[in-house]
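All heavy atoms count here, side chains included; hydrogens, waters and symmetry mates do not.
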Amino acid sequence: MTKKGFLAFALVFAFSAQLLFSQSVYDSKELEKHLSYLASDELGGRYPETEGSLKASEYLRDIYAKLGLKLLCDSGFQHFQFITGWTSGDSNEAVFNGRKLQIEKDYVPMDYFQTRLASLDAEVVLIEGYIDQNVCTKLEEHIKNRWVILDKRYDYDKSLSRQQSVVMLMRAGAAGVLIVADTLRPEIDNVYNIPVHKTTNMGPVVCISRSLADSLEESFKNRDTIVGNMYINRGPVYIGEAYTDSSYAFIASLHKTISITTHFTPIYTNAKNVVAYLEGSDPVLKNEIIVVGGHYDHLGTKTRISRKTGEPVTRIYNGADDNGSGSVGVLELAQKYARSENRPKRSVIFVNFDAEELGLIGSSHFFDDTNAINPRNVKAMINLDMIGRYTDEKGLSIIGTNTSKEMKEMQKLIKKSNKALKTMDFPQNTFLFFGSDHVNFYKHNIPVMFFSTNLHPDYHKPTDTPEKINYQAMSDILQIADKLLDNLANRKRNLTFKELEF
């Protein structure tokens, strides 16, 4: 072969090799097929314990089974329960003037503070005027160990929500709060759906009927009238007042007591993680585990009243990027490794978490007894959450490389694995670190790496749909995740955990 011929052959060979290398095992058409189903209207947004969630979990589990992976827990499902709300228990009781009050007629217990059981028998006081934190603080001695009535007839500040007013009064020392409602029907319908706070040691909060409030406030209603900001005769109800630069408040003792016990019992929702296992090839290292995870749940279907028509409008939150993309990513990595002739030395668990959107709940249950996985055996975790909306402007973020002392090595490996993406970074000390399931592995001192193409205008909206996914870039991202997984599952020494500094 002539020198010229040899050069021509070499060029053709190099081009062919480059073309072969650029062809991904993560076919964009296959990614689109899986994602189009998981984010379809048929699955209704994959909210836990709905028909759509059941179909999604079975779809994922069945593919793992066909791949020959070992299904952990209950045939691939790790079942768990979590509290989604509270309902009225059987110990609610209220007594006023020797008369036992009727629940949902005279009063409704309010679960503002996730209080399971709270009782208060105390004097009732009422504040009239502008209620803010400064006023509440100045009236602490009159609020402490008493019920405080919130009645819109006497509260001049309409900018505060009812809940904000309750919080301020509780922080100032109120033992309990009585909220006056003109009608209890909306309270009965809505009370048990109020978002709960994490605070658990607050006193009872009760919504009372207007007629009960009138009985309590009788002496206050009969007081002398106001002239300007001064009372002509404060009368026997007056106990104190507070001034700030912009407000004035008057507090009155109603010389009445009321005894109320509020009791709530939890409402549980069932959910399940999908967990599949690939055993490692090394007789020793197979006892060590690398976890690849991504949640499959989303926000479900919501019905709201249209501002324009006044009619109910139902919208499906398909969650194509969040996190249909990550769910498919986990599935595709599992498929590649299950079909490979060369199994990794360490074992790999592929898991799709449920109830992430409700507070990273599924991943918090991963190390439950039902899974029998010791966190000490898990040496690293890769989390895929929202990997479908890559653009050169937003790029790919890989968060958490600084959870290991080998950060520079990992970043170098990832950069070398990237053959197509123009923009990729490694954010550190970012609030986004705490926004997905890898956090519950980090808490167990496990190095984590979180892949995401970052937020976009369709985040948590019905417009997060499959046709907006960048499937080619998603394929490129999975190739990077693949190289990282291969390194973690076959390296001589495991990564060394490093606690983050914020």
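The side chain to side chain contact (heavy atoms under 4.5 Å, CB included) test with Asn402 singles out one residue from Met449, Met407, Glu501, and that residue is Met407. For the side chain to side chain contact (heavy atoms under 4.5 Å, CB included) test with Val177, the passing option among Val206, Leu120, Leu150 is Leu150; the others fail. Exactly one residue among Leu396, Asp392, Thr453 makes a side chain to side chain contact (heavy atoms under 4.5 Å, CB included) with Leu421. That residue is Leu396.
Here Phe441 and Phe497 keep their ring centres 6.0 angstrom or further from each other. Between Phe353 and His365, the distance from one ring center to the other does not fall under 6.0 angstrom.
Within a 6.0 Å radius of NZ in Lys70, other residues, nucleotides and ligands contribute 12 heavy atoms or fewer. Annotation: Glu467, atom CD; neighbour count of heavy atoms from other residues, nucleotides and ligands within 6.0 Å is above 12. Summarising the local packing, CD of Gln81 is surrounded by more than 12 heavy atoms from other residues, nucleotides or ligands at distances under 6.0 Å. Atom NZ of Lys422 has 12 or fewer heavy atoms from other residues, nucleotides or ligands within 6.0 Å. More than 12 heavy atoms of other shown residues, nucleotides or ligands fall within 6.0 angstrom of atom NZ in Lys394. The neighbour count for Lys345 NZ, taken as heavy atoms of other residues, nucleotides or ligands under 6.0 Å away, does not exceed 12.
Put simply, the side chain of Asp297 never gets that close to the backbone of Arg46: no donor and acceptor are under 3.5 Å apart. No donor-acceptor distance shorter than 3.5 angstrom exists from the side chain of Ser340 to the backbone of Tyr337, with no hydrogens or angles considered. Checking side-chain atoms of Asp106 against main-chain N and O of Gln102 turns up a donor-acceptor pair under 3.5 Å. Between the side chain of Thr301 and the backbone N or O of Gly44, at least one donor-acceptor pair lies under 3.5 Å. The backbone N or O of Ala420 sits less than 3.5 Å from a side-chain atom of Asn418, completing a donor-acceptor pair. Side-chain atoms of Asn440 come within 3.5 Å of backbone atoms of Leu360 as a donor-acceptor pair (strictly under, hydrogens ignored). Proximity of a side-chain donor or acceptor of Ser347 to a complementary backbone N or O of Lys286 within less than 3.5 Å is detected. Under a 3.5 Å cut-off, the side chain of Arg346 and the backbone N or O of Arg491 do form a donor-acceptor pair. At least one donor-acceptor pair under 3.5 Å links the side chain of Lys461 to the backbone N or O of Pro457. Checking side-chain atoms of Lys408 against main-chain N and O of Lys405 turns up no donor-acceptor pair under 3.5 Å.
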Given the rule in the side-chain hydrogen bond (donor to acceptor under 3.5 Å, both in side chains) test, do Glu393 and Thr423 qualify, once you have shown the distances and angles that lead to the verdict? CA-CA 7 Å; Glu393 291 74 27; Thr423 311; over 6 Å; no
Assess the residue pair Phe80 and Asn273 against the criterion (side-chain contact (heavy atoms from CB on, under 4.5 Å)); give the C-alpha distance rounded to whole Å, side-chain angles, the decisive distance to 0.1 Å, and a yes or no. CA-CA 8 Å; Phe80 61 92; Asn273 299 327; 3.5 Å; yes
Can Asp74 and Lys272 be said to form a salt bridge (Lys or Arg N to Asp or Glu O under 4.0 Å), step by step? CA-CA 10 Å; Asp74 179 14; Lys272 53 182 173 290; over 6 Å; no
side-chain contact (heavy atoms from CB on, under 4.5 Å) between Glu332 and His34, intermediate numbers included: CA-CA 9 Å; Glu332 287 289 308; His34 290 310; 3.3 Å; yes
Check against side-chain contact (heavy atoms from CB on, under 4.5 Å), Arg339 and Leu67: CA-CA 7 Å; Arg339 291 176 174 174; Leu67 291 172; 3.8 Å; yes
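Take Glu93 and apply the salt bridge (Lys or Arg N to Asp or Glu O under 4.0 Å) test, not counting sequence neighbours, and it matches Lys100. With sequence neighbours left out, Tyr442 forms a side-chain hydrogen bond (donor to acceptor under 3.5 Å, both in side chains) with no residue at all.
Under the 30°/60° scheme for interplanar angles, the aromatic rings of His460 and His298 are found to stand perpendicular. The aromatic rings of Tyr64 and Phe350 lie parallel to each other, their planes meeting at an angle below 30°, with 60° marking the opposite boundary.
Counting heavy atoms from C-beta on, the side chains of Leu43 and Ser40 come closer than 4.5 Å. The side-chain heavy atoms of Met410 and Phe426, taken from C-beta on, include no pair separated by under 4.5 Å. Proximity of Leu358 to Tyr47: side-chain heavy atoms (C-beta onward) are separated by under 4.5 Å at one or more points. A 4.5 Å side-chain heavy-atom check between Thr391 and His456 finds every atom pair outside the cut-off. A heavy-atom distance below 4.5 Å is found between the side chains of Leu178 and Ile260. Contact annotation: the side chain of Arg389 approaches that of Asp464 to within less than 4.5 Å [non-hydrogen atoms, C-beta and beyond]. For the pair Pro312 and Ile305, the minimum side-chain heavy-atom distance is below 4.5 Å. Considering only heavy atoms from C-beta on, Ser53 comes within 4.5 Å of Tyr296 through its side chain.
Smallest separation of non-hydrogen atoms from Gln78 and Cys73: CB-SG, 3.5 Å. For the pair Tyr471 and Pro466, the tightest heavy-atom approach, listed with the atom from each and the gap, is OH-O, 3.0 Å. The two residues Asn92 and Tyr107 have their closest heavy-atom pair at C-OH, 3.7 Å. The two residues Leu384 and Val330 make their nearest non-hydrogen contact at CD1-N, 3.8 Å. Taking every heavy atom of both residues into account, Asn383 and Gly294 meet most closely at OD1-CA, 3.8 Å. Contact between Leu71 and Arg61 at its shortest, heavy atoms only, is CD1-CD, 3.7 Å.
Here the CG atom belonging to Leu31 is positioned 10.0 Å from the CD1 atom belonging to Ile469, to the nearest 0.5 angstrom. One distance of note links OG1 of Thr465 with CG of Asp41; it measures 9.5 Å at 0.5 Å rounding. Within the model, atoms OG1 of Thr430 and CD1 of Ile399 stand 5.0 Å from one another, a figure rounded to the nearest 0.5 Å. Going from atom CD of Gln411 over to atom OG1 of Thr401 covers 4.0 Å, rounded to the nearest 0.5 Å. Taking CD1 of Ile290 as the reference point, atom CG of Leu488 lies at 5.0 Å (rounded to 0.5 Å). Separating the CG atom in Leu38 from the CG atom in Asn323 is a distance of 10.0 Å, to the nearest 0.5 Å.
Side chain to side chain, His295 and Asp322 meet the donor-acceptor criterion of an N or O pair below 3.5 Å. In this model, no donor atom of one side chain and acceptor atom of the other lie less than 3.5 Å apart for Gln479 and Ser417. Residues Ser397 and Asp425 bring a donor and an acceptor atom of their side chains to less than 3.5 Å of each other. A donor and an acceptor atom, one from each side chain of Glu288 and Asn377, are nowhere located under 3.5 Å apart.
Taking the ring axis of Tyr26 as reference, the NZ or CZ atom of Lys336 does not stay both within 45° of it and closer than 6.0 Å to the ring centre.
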